[in-house]
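Take a look at the structure below.
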Amino acid sequence: MAPSINNAGFDLVIVRFIGQRNQTLQIMIERQDRRPVTFDNCAEVDKIVSAILEVEDPLKRSYMLEVSSPGIERPLARISDYRRFSGFEVKVETSLPLNGAKIFQGRILRVEKNGVWLQCGSQSIVITLKNVRNASLVPTEELIKAAGHQAAQTARMEQ
């Protein structure tokens, strides 16, 4: 599925099932040129994924397909996501406790191949990427301004 989506000019951010009873196959995408994802982009990827799932039928249960942009509170799934958003605030949930806690919120200071350094209040901590259960951006004023700046640049480029 990923190669077909990549060939269409998109990157997969995350693929997951959500919901208990009526499951939804949620696919989050972003454009490779990093411009904002449009409704038409989501429809295009929906067609690609639907065609693949119809032919290959790897999922034996019923589900709804949802294709969307990751949004401003986007999940961080790859090391490249952490690098791209270095300097911004994130919320990280770990699988195993670290210093007695499993949830951390702080600014990304540094990213190495096996872990991410966060500034959480007055202390900095290192979380190994293997121990990250969930991570997402926190919608701070700084992030909102950066997203608005990117959207404005895109609009100027399209004129």
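When a residue number appears, it is its place in the shown sequence, counting from 1.
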Could you tell me whether the side chain of D81 and the main chain of A77 form a donor-acceptor pair under 3.5 Å? yes
Keeping Q23 on the side-chain end and G19 on the backbone end, is there a donor-acceptor pair under 3.5 Å? yes
Please say which of R84, R34, R31 ends up in a salt bridge (Lys or Arg N to Asp or Glu O under 4.0 Å) with D11. R34
How close do L96 and T94 get, heavy atom to heavy atom, and via which atoms? O-OG1, 2.8 Å
When you look at E73 and V138, which way does the side chain to side chain contact (heavy atoms under 4.5 Å, CB included) test go after all the steps? CA-CA 6 Å; E73 294 181 61; V138 174; over 6 Å; no
Between V92 and N134, is there a side-chain heavy-atom distance shorter than 4.5 Å? no
Does E30 come within less than 4.0 Å of R74, counting only side-chain N to carboxylate O? yes
So V49 and D46, do their side chains get closer than 4.5 Å, heavy atoms only? no
To the nearest 0.5 Å, what is the distance between CD1 on I108 and CZ on R83? 11.0 Å
Are the side chain of N7 and the backbone N or O of P3 linked by a donor-acceptor pair below 3.5 Å? yes
Between the CD1 atom in I14 and the CD1 atom in I29, the distance rounded to the nearest 0.5 Å is 14.0 Å
Please check: side-chain N/O of N41 versus main-chain N/O of T38, any donor-acceptor pairing under 3.5 Å? yes
Would T128 and N131 count as having a side-chain donor-acceptor pair, cut-off 3.5 Å? no
Step-by-step side chain to side chain contact (heavy atoms under 4.5 Å, CB included) determination, V116 to F104: CA-CA 12 Å; V116 60; F104 303 89; over 6 Å; no
Non-hydrogen atoms of M1 and I52 that approach each other most closely: CA-CD1, 3.8 Å
Working to the nearest 0.5 angstrom, can you tell me the gap between C120 SG and I127 CD1? 6.5 Å
Tell me the closest heavy-atom pair linking P70 and M28, and the distance in Å. CA-SD, 3.7 Å
Could you walk me through whether R110 and E112 pass salt bridge (Lys or Arg N to Asp or Glu O under 4.0 Å), step by step? CA-CA 7 Å; R110 187 167 81 229; E112 296 176 354; 3.0 Å; yes
I'd like to know if the side chain of N6 and the backbone of F10 have a donor-acceptor N/O pair within less than 3.5 Å. yes
May I ask whether V45 and F17 are part of the same hydrophobic cluster, defined by side-chain heavy atoms of I, L, V, M, F, W, Y residues being less than 4.5 angstrom apart, directly or through others? yes
G87 backbone acceptor or donor facing R107 side chain under 3.5 Å: yes
Closest approach of I72 and L137, non-hydrogen atoms and distance? O-CB, 3.6 Å
Atom pair CZ/CG of R16 and L25 - distance to nearest 0.5 Å: 11.0 Å
Show, in sequence, the C-alpha distance, side-chain angles and deciding distance for V90 and S136, and conclude whether the side chain to side chain contact (heavy atoms under 4.5 Å, CB included) test is met. CA-CA 6 Å; V90 294; S136 60; over 6 Å; no
Would you say the side-chain atoms of Q123 pair up with the backbone N or O of I125, donor to acceptor, closer than 3.5 Å? no
For Q26 and E66, work out which heavy atoms get closest and say how close. NE2-OE2, 3.0 Å
Does the side chain of P75 reach to within under 4.5 Å of the side chain of V13, using non-hydrogen atoms? yes
Taking atom CZ of R133 as the centre, report whether more than 12 heavy atoms of other residues, nucleotides or ligands fall under 6.0 Å from it. no
Spacing of CG belonging to L143 relative to CZ belonging to F85, to within rounding of 0.5 Å: 7.0 Å
Side-chain heavy atoms nearer than 4.5 Å, only ILVMFWY residues, links allowed to pass through others: does that put L12 and L65 together? yes
As an exercise, state the distance from CD1 of I27 to CD1 of I5, rounded to the nearest 0.5 Å. 5.5 Å
Residues Y63, T24; criterion side chain to side chain contact (heavy atoms under 4.5 Å, CB included); working and verdict: CA-CA 5 Å; Y63 60 91; T24 298; over 6 Å; no
According to a 4.5 Å side-chain heavy-atom criterion applied to Ile, Leu, Val, Met, Phe, Trp and Tyr, with indirect links allowed, do W117 and I103 form part of one hydrophobic cluster? no
I18, M64: one ILVMFWY side-chain cluster at the under-4.5 Å cut-off? no
Any idea which heavy atoms bring E44 and A8 closest together, and the distance? OE2-CB, 3.8 Å
Is there a path of hydrophobic side-chain contacts, each under 4.5 Å between heavy atoms of I, L, V, M, F, W or Y residues, that connects L109 with I79? no
